[in-house]
Amino acid sequence: MATYFQTTARNYTDVTVTSEGINTDEFLQATEGLVKIFDLFGTVFSVVQNDMNGNIKKIRERFLQNPAANSTLQNLVDGEKKEKKKPATEGLLWLTRGLDFTLQSLERSEANPTEELSVSFTKGYEDTLRMHHGMLVRPVFALAMKACPYRADFYAKLGSDQGLVKQDLTAYLAGLRKIVVEIQQYYTANKL
C-alpha cells in the first residue's frame, strides 16, 4: 500500500529549483499536498489549514495574473515589490513560516521516535511561529498542539509499511527543508 507521500500530486523533491528560483506552480502543488496532511490530525488543525490555504490562494492568484512572469516564487515577489499592496509576498512569508513549523515539528518527531506529536509540534511552534503571533492567537495554537493525535495513530495513517513511511517522510522533509531554506534566504537577502 502507498504511503501518504506517494499519494500527493507533487512532492517537494520534485519541485524545480533553478538559478531563477523555485517553480511557483510546482511549489503550490506540493504545498497543497502538505496542507492535506493536517486532515490526518482531525479538525483541531483546521485553523492551520485555513491559514495555509489562504496564503496559497494569495500566491496562486498572483501567479495566474501572469504565469510566465511569475514562473518562480522569486520572480513573483520581485514583480510585486513596486506595488503598494503585496498580498502574495506577505502570503509567501506566512506560508513559509507555516511550512517551517511543519518541517521542524516533523523533523523533531522523526529524531525522537518515542516523543508524542503534541510535544514535537509544541516545540516546533515555539521555535517558528510563536514569536510572530500575538496574545490572542497563541492560546489557539497551544490548544491545537495539545490536541495532536497520538504518534502511533498518526504514523499508521501515513501508511501501513512503517519502514516505507520513514523512508518517504525522510525524503519528503529533505525536499521541504531545501525549499524552506531557499525562500528564507531570499527574504533575508532582499530584506523582505
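Both backbone and side-chain heavy atoms feed into the values below; hydrogens, waters and symmetry mates do not.
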Inter-residue atom distance [X].[atom1] - [Y].[atom2], 0.5 Å rounding:
X: Leu28; Y: Arg60; atom1: CG; atom2: CZ; value: 4.5 Å
X: Ser46; Y: Asp51; atom1: OG; atom2: CG; value: 11.0 Å
X: Leu93; Y: Lys86; atom1: CG; atom2: NZ; value: 13.0 Å
X: Phe45; Y: Asn50; atom1: CZ; atom2: CG; value: 13.0 Å
X: Gln167; Y: Thr3; atom1: CD; atom2: OG1; value: 9.0 Å
X: Leu73; Y: Tyr187; atom1: CG; atom2: OH; value: 8.0 Å

- With side chain to side chain contact (heavy atoms under 4.5 Å, CB included) as the test, would you mind laying out the steps for Ile22 and Ile179 before giving the verdict? CA-CA 8 Å; Ile22 299 165; Ile179 298 295; 4.1 Å; yes

Please report the closest heavy-atom contact between [X] and [Y], naming both atoms and the distance.
X: Val15; Y: Ala30; answer: CG2-CB, 3.9 Å
X: Leu64; Y: Pro67; answer: O-CD, 3.7 Å
X: Val165; Y: Phe5; answer: O-CE1, 4.4 Å

Please say yes or no: joined through hydrophobic side-chain contacts below 4.5 Å, possibly via intermediate residues, are [X] and [Y] part of one cluster?
X: Leu40; Y: Tyr150; result: no
X: Leu164; Y: Leu158; result: no
X: Leu106; Y: Val181; result: no

- Message: Test side chain to side chain contact (heavy atoms under 4.5 Å, CB included) on Leu34 and Leu176; report intermediate values, then the result.
- Response: CA-CA 10 Å; Leu34 177 119; Leu176 177 56; 3.8 Å; yes

- Message: Just checking Lys82: does its NZ atom have more than 12 heavy atoms from other residues, nucleotides or ligands closer to it than 6.0 angstrom?
- Response: no

Sidechain N-carboxylate O distance under 4.0 Å for [X], [Y]:
X: Glu32; Y: Lys36; result: no
X: Arg108; Y: Asp127; result: no
X: Arg97; Y: Asp100; result: no
X: Glu182; Y: Arg177; result: no
X: Glu90; Y: Lys58; result: no
X: Arg62; Y: Glu83; result: yes

Has [X] got a side-chain atom pairing as donor or acceptor with [Y]'s backbone, closer than 3.5 angstrom?
X: Tyr4; Y: Ile37; answer: yes
X: Asn11; Y: Asp14; answer: no
X: Asn112; Y: Thr114; answer: no
X: Thr102; Y: Gly98; answer: yes
X: Thr24; Y: Phe63; answer: no
X: Tyr155; Y: Ser160; answer: no
X: Glu80; Y: Thr89; answer: yes
X: Glu115; Y: Ser109; answer: no

Taking the side chain as C-beta and beyond, is there a heavy-atom pair between [X] and [Y] under 4.5 Å?
X: Phe27; Y: Thr16; answer: no
X: Thr13; Y: Lys178; answer: no
X: Leu117; Y: Pro149; answer: yes
X: Glu110; Y: Ser120; answer: no
X: Gln29; Y: Asp25; answer: yes
X: Leu103; Y: Tyr172; answer: no

Between [Y] and [X], do the side chains contain a donor N or O and an acceptor N or O under 3.5 Å apart?
X: Asn190; Y: Gln74; answer: no
X: Tyr12; Y: Thr31; answer: yes
X: Asp168; Y: Gln6; answer: yes
X: Glu20; Y: Thr72; answer: no

- Task: Evaluate the side chain to side chain contact (heavy atoms under 4.5 Å, CB included) criterion for residues Phe41 and Cys148: first the C-alpha distance (whole Å), next the side-chain angles of each, then the deciding distance (0.1 Å), finally the verdict.
- Result: CA-CA 6 Å; Phe41 283 71; Cys148 282; 4.1 Å; yes

- Test applied, side chain to side chain contact (heavy atoms under 4.5 Å, CB included); reference residue, Leu99; option that passes from Gln104, Gln184, Met52: Met52

- Query: Strictly under 6.0 Å, is that where the ring centroids of Phe101 and Phe121 end up?
  - Reply: yes

- Message: Apply side chain to side chain contact (heavy atoms under 4.5 Å, CB included) to residues Asn53 and Lys57 and explain how you reach the verdict.
- Response: CA-CA 6 Å; Asn53 281 327; Lys57 183 179 180 205; over 6 Å; no

